Amino acid sequence: MADRHMILQDNARELERIKALVGGMKEGDYAKLLPNGWTITQALAHLAFWDLSQVARLERYIQKGVKPVSLDFEAINEPLAKVAEGLPPAAAAELVVDAAEAADRVVEMLTQAQFDELVGSGLERNLHRAQHRRAHLPKIEEALK
C-alpha cells in the first residue's frame, strides 16, 4: 500500500519546484517549445488542468462517495493544448501554482480510509500529483537552459 505521508511530501516538493520554476521565468520563456511541440505556456496549462481535474474528482468523492473514473487522456490533451495557446503567460504561471496548491490540499483532506480505498482501487496517480508534475517539469527546465 502506498505511504500517504510520503505522497503528501512528494506532492509538496513538486509544488515548490513549480513555484521556483515559474518564479524565475521571463516573458519570452513561455513561448519556448518543448520536445512534444507544446510551448511552456501550454505545458503549464496542461499541468494546471489535470491538477484541477483531480480537485473536482476528489471533492466529488469526498462529498458524494463517487470514485474517479478512467478518462481518455489523449482525447483531452490535444484540444486542451489548442485552448492553452490563447492563455496569457502570466495567467498560466498563476494558474499552475494555484491548481497544484488546490490539488495538494484536497489530497490532504482525504481520511486515511478514503486514501487507502482510492489507492486500493488503482487510483494512486490521482493522489500522487508529483508523478504527473515530474513527467513535465524536467522538459520545461531543459527548455529554459
Side-chain angles (χ1 to χ4, degrees), residues 1-64 66-112 114-115 118-119 121-145:
M1 186 70 55
D3 181 292
R4 183 171 191 246
H5 182 69
M6 185 276 303
I7 287 176
L8 294 175
Q9 285 184 322
D10 201 23
N11 287 351
R13 272 191 302 275
E14 292 303 308
L15 168 59
E16 291 308 312
R17 188 175 175 190
I18 289 171
K19 288 178 180 180
L21 181 77
V22 299
M25 289 177 60
K26 297 170 183 60
E27 184 70 27
D29 290 339
Y30 293 91
K32 290 183 179 180
L33 289 177
L34 302 178
N36 66 356
W38 291 354
T39 64
I40 290 177
T41 296
Q42 288 171 304
L44 295 176
H46 168 89
L47 285 168
F49 172 84
W50 285 110
D51 271 346
L52 290 173
S53 172
Q54 296 313 317
V55 170
R57 297 167 86 199
L58 292 173
E59 284 178 344
R60 187 170 175 225
Y61 171 70
I62 290 168
Q63 294 165 3
K64 299 179 181 178
V66 178
K67 285 186 198 172
V69 296
S70 183
L71 300 170
D72 182 350
F73 300 110
E74 291 307 312
I76 295 169
N77 286 337
E78 195 172 318
L80 173 61
K82 295 282 186 206
V83 170
E85 287 176 7
L87 192 62
E94 183 177 341
L95 187 60
V96 74
V97 171
D98 291 348
E101 289 175 340
D104 290 359
R105 269 193 310 273
V106 75
V107 172
E108 290 173 7
M109 288 171 43
L110 294 167
T111 66
Q112 186 66 50
Q114 291 169 325
F115 182 91
L118 291 172
V119 169
S121 298
L123 299 171
E124 180 178 334
R125 190 167 171 91
N126 296 64
L127 312 175
H128 200 167
R129 302 309 306 143
Q131 292 177 341
H132 185 239
R133 296 168 191 165
R134 272 196 300 273
H136 297 283
L137 293 178
K139 295 169 189 156
I140 296 170
E141 290 163 342
E142 183 63 30
L144 291 171
K145 287 184 181 176

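The shown structure was predicted, so the numbers you read here are calculated from the model rather than taken from an experiment.
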Please list all pairs meeting ring-ring contact (aromatic ring centres under 6.0 Å, His included) that have one or both residues in residues 67-108, counting only residues at least two apart or in different chains. Trp50-Phe73

Which heavy atom in Leu44 sits nearest to a heavy atom in Val22, and how many Å separate them? CD1-CG1, 4.0 Å

Applying side-chain contact (heavy atoms from CB on, under 4.5 Å), name anything that partners Leu144, two or more places apart in sequence or on another chain. Leu21, Met25, Asp29, Lys32, Ile40, Ile140

Can you see which heavy atom on Pro79 is nearest to which on Glu74, and at what distance? CD-O, 4.4 Å

Could you list the residues that satisfy side-chain contact (heavy atoms from CB on, under 4.5 Å) with Ala91, not counting sequence neighbours? Leu87, Pro88

Evaluate side chain to side chain contact (heavy atoms under 4.5 Å, CB included) for Glu101 paired with Asp104, printing each intermediate quantity in order. CA-CA 5 Å; Glu101 289 175 340; Asp104 290 359; 5.9 Å; no

What are the two closest non-hydrogen atoms of Ala99 and Ala48, and how far apart are they? CB-O, 3.5 Å

Taking only residues two or more places apart in sequence or in another chain, which ones pass side-chain contact (heavy atoms from CB on, under 4.5 Å) with Glu27? Pro89

Looking at side-chain heavy atoms only, is the closest gap between Leu95 and Leu52 below 4.5 Å? yes

Do other residues, nucleotides or ligands put more than 12 heavy atoms under 6.0 Å from the CD atom of Glu78? no

Results of side-chain hydrogen bond (donor to acceptor under 3.5 Å, both in side chains) for Asp10 - residues two or more places apart only: Arg13, His128, Arg134

Does Glu108 have any salt bridge (charged side-chain N to carboxylate O under 4.0 Å, His left out) partners at least two apart in sequence or in another chain, and if so, which? none

Run the salt bridge (charged side-chain N to carboxylate O under 4.0 Å, His left out) test against Arg129 and tell me which residues pass, sequence neighbours left out. Asp51

Taking atom CZ of Arg57 and atom CG of Leu123, what is their separation to the nearest 0.5 Å? 7.5 Å

Starting at CE of Met6, measure out to CG of Asn11 and round the result to the nearest 0.5 Å. 9.0 Å

Can you name the nearest heavy-atom pair linking Val106 to Val55, along with the distance? CG1-CA, 4.0 Å

Using salt bridge (charged side-chain N to carboxylate O under 4.0 Å, His left out) as the criterion, list what pairs up with Glu59, not counting sequence neighbours. none

Derivation and outcome, side chain to side chain contact (heavy atoms under 4.5 Å, CB included), residues Tyr61 and Asn126: CA-CA 12 Å; Tyr61 171 70; Asn126 296 64; over 6 Å; no

Just verifying a value: how many Å separate Arg4 CZ and Leu110 CG, rounded to the nearest 0.5 Å? 6.5 Å

Note, Ile7 side chain near Glu124 side chain (heavy atom, < 4.5 Å): yes

Beyond-backbone contact of Glu141 with Arg17, side-chain heavy atoms, under 4.5 angstrom: yes

Leu47 versus Arg133, closest heavy-atom pair with distance: CD2-CA, 3.8 Å

Got Trp38 and Leu33 here, is their nearest side-chain heavy-atom distance under 4.5 Å? no

Which residues pass the ring-ring contact (aromatic ring centres under 6.0 Å, His included) test with His136, sequence neighbours left out? His46, His132

Show me the pairs that pass ring-ring contact (aromatic ring centres under 6.0 Å, His included) and involve residues 8-32, at least two apart or across chains. none

Would you find more than 12 non-hydrogen atoms of other residues, nucleotides or ligands less than 6.0 Å from Glu94 atom CD? no

Evaluate the criterion salt bridge (charged side-chain N to carboxylate O under 4.0 Å, His left out) for residue pair Glu142 and Lys139; output intermediate values, then yes/no. CA-CA 5 Å; Glu142 183 63 30; Lys139 295 169 189 156; over 6 Å; no

By side-chain contact (heavy atoms from CB on, under 4.5 Å) - contacts of Ser70 (at least two apart): none

Under a 4.5 Å cut-off applied to non-hydrogen side-chain atoms, are Leu58 and Leu118 in contact? yes

Of all the heavy-atom pairs spanning Ala143 and Leu34, show the shortest one and how long it is. CB-CD2, 3.6 Å

I need the full list of ring-ring contact (aromatic ring centres under 6.0 Å, His included) pairs touching residues 80-104, with sequence neighbours left out, sorted by first then second residue. none

If you round to the nearest 0.5 Å, how far is CD of Glu85 from CG of Leu80? 10.5 Å

Please assess Gln131 against Glu14 for the test side chain to side chain contact (heavy atoms under 4.5 Å, CB included), listing each intermediate value before the final yes or no. CA-CA 9 Å; Gln131 292 177 341; Glu14 292 303 308; over 6 Å; no

